Amino acid sequence: LEEGRELYHLTEAIHSSEEVVAHEERAAAGMEMFAHSQRVWADKRANPSDDLASLIAHGEIAGEPVDEIDFFLWFMLLVDAGGDTTRNLIGAGFHVLFEHPAELARLRADPTLLPTAIEELLRFTSPVIYMRRTATRDTELAGRAIAEGDKVVMYYGAANRDPVAFDEPDRLDLTRSPNPHLAFGGGGPHFCLGAHLARVEIECLMWEMLSRLEGLEPTDEPTWMPSNFIFGPTSLPVSFAAS
């Protein structure tokens, strides 16, 4: 549990903007995460079991054994992309629900709304702010010429509030359907590998919080991650009575 908290703080440093967290500090956080992965690598190589880390540590890629760098990149992807985004959706999602008490009451009264509610919270909060890609050929998009080699930035929050794709895009609607949001990416080879697992994790955690934490409500304003890449709170003070 303590290691999990430490990894969380490392992801915060890695994802923070350079204006707030210096490059040297973010690099040091990356090296510290590498040290965590080295310990896991050494343990799973020496003591394999049927867990995912062991399978990867003893796996192959295109007929070649996975090496320590491959394992580290997998470890960082799992912790950064697999943990930070889901955690931020929970925090930012509940903050949004607190700001929309009628929708929160609606969800508490009817937990069958959770699947569509989760999709709407993914759309509304957009935990990943942007991705950058490089154009592989000359093309044109919405009348704008893009040359081969140009860097193209995609802002998911803007796409998820696009009035062409969504009716009343700034309105939270936990029953919105269809909901073609792009919080997990726009499809194709870059679509989020963990989307299905993330949905299961979010539904389980939100249901436990809604059903077991009676009187769950905010006690203070959240603090937000100082990042232009990941959106989410670093803290969300609440009060509740455990049932």
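Computation of the quantities below employed the complete heavy-atom set of this structure, encompassing side-chain atoms and omitting hydrogens, waters and symmetry-equivalent molecules. These numbers were taken from a predicted model, which means no experiment stands behind them.
Identified under the salt bridge (charged side-chain N to carboxylate O under 4.0 Å, His left out) test for residues 153-163, with sequence neighbours left out: Arg161-Asp170. Counting only residues at least two apart or on different chains, the salt bridge (charged side-chain N to carboxylate O under 4.0 Å, His left out) pairs with a member in residues 67-94 are Asp84-Arg87. Pairs passing the side chain to side chain donor-acceptor pair (under 3.5 Å) check and including a residue from residues 144-156, sequence neighbours excluded, read Thr134-Lys151. For residues 226-235, the side chain to side chain donor-acceptor pair (under 3.5 Å) pairs, not counting sequence neighbours, are Thr223-Thr234, Thr223-Ser235.
The two residues Asp173 and Glu120 have their closest heavy-atom pair at N-OE2, 2.9 Å. Shortest non-hydrogen contact noted between Ala135 and Ala147 is CB-O, 3.5 Å. The two residues Leu122 and Ala183 come nearest to each other via the heavy atoms O-CB, 3.6 Å.
Using a 4.5 Å heavy-atom cutoff, the side chains of Leu52 and Trp74 are in contact. With contacts defined as side-chain heavy-atom distances shorter than 4.5 Å, the pair Ser126/Val128 does not qualify. Residues His36 and Val79 form no side-chain contact, since every pair of their non-hydrogen atoms from C-beta on lies 4.5 Å or further apart.
Every residue two or more places apart in sequence or in another chain was checked for a ring-ring contact (aromatic ring centres under 6.0 Å, His included) with His9, and none qualifies. Remark: Asp51 pairs with Lys44, Ser49, Ala53, Ser54 by the side-chain contact (heavy atoms from CB on, under 4.5 Å) rule, at least two apart or across chains. With sequence neighbours excluded, the residues satisfying ring-ring contact (aromatic ring centres under 6.0 Å, His included) with Trp224 are His95, Phe231. Considering only residues two or more places apart in sequence or on other chains, Glu18 meets the side chain to side chain donor-acceptor pair (under 3.5 Å) condition with Arg26. For His15, the ring-ring contact (aromatic ring centres under 6.0 Å, His included) criterion is met by Phe229, not counting sequence neighbours.
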Donor-acceptor pairs are to be reported for all side-chain atoms of residues 103-114 against protein atoms at under 3.5 Å, with residues two or more places apart or in another chain.
residue, atom, partner, partner atom, Å
Glu103, OE1, Arg106, NH1, 3.3
Glu103, OE1, Leu174, N, 3.0
Glu103, OE2, Arg106, NH1, 3.0
Arg106, NH2, Thr175, OG1, 3.3
Arg108, NH2, Leu216, O, 3.1
Asp110, OD1, Thr112, N, 3.2
Asp110, OD1, Thr112, OG1, 2.4
Asp110, OD2, Thr112, OG1, 3.2

With a cut-off of 3.5 Å and sequence neighbours excluded, list every side-chain donor-acceptor pair involving residues 193-203.
residue, atom, partner, partner atom, Å
Arg199, NE, Glu119, OE2, 2.7
Arg199, NH2, Glu119, OE1, 3.1

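The line from CG of Asn160 to CZ of Arg123 is 7.0 Å long, rounded to the nearest 0.5 Å. In this structure, CH2 on Trp207 lies 12.0 Å from CD1 on Ile118, to the nearest 0.5 angstrom. The line from CG of Asn88 to CG of Leu236 is 11.0 Å long, rounded to the nearest 0.5 Å. Rounded to the nearest 0.5 angstrom, Leu7 CG and Met33 CE are separated by 5.5 Å. Rounding to the nearest 0.5 Å gives a distance of 9.5 Å between CG of Leu121 and OG1 of Thr116. If you take CD1 on Ile90 and OG1 on Thr86, they are separated by 8.0 Å, rounding to the nearest 0.5 Å.
Through side-chain heavy atoms spaced under 4.5 Å, either directly or across other Ile, Leu, Val, Met, Phe, Trp or Tyr residues, Val152 is tied to Leu141, Ile146.
A cation-pi contact, defined as under 6.0 Å to the ring centre and within 45° of the axis, is absent between Arg176 and Phe166. Both tests pass for Arg45 against the ring of Trp41: distance under 6.0 Å to the centre and angle within 45° of the axis.
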*Start with the C-alpha distance between Ser37 and Met76, add both sets of side-chain angles, then the distance that settles side-chain contact (heavy atoms from CB on, under 4.5 Å), and finish with yes or no.*
CA-CA 8 Å; Ser37 77; Met76 176 171 276; over 6 Å; no
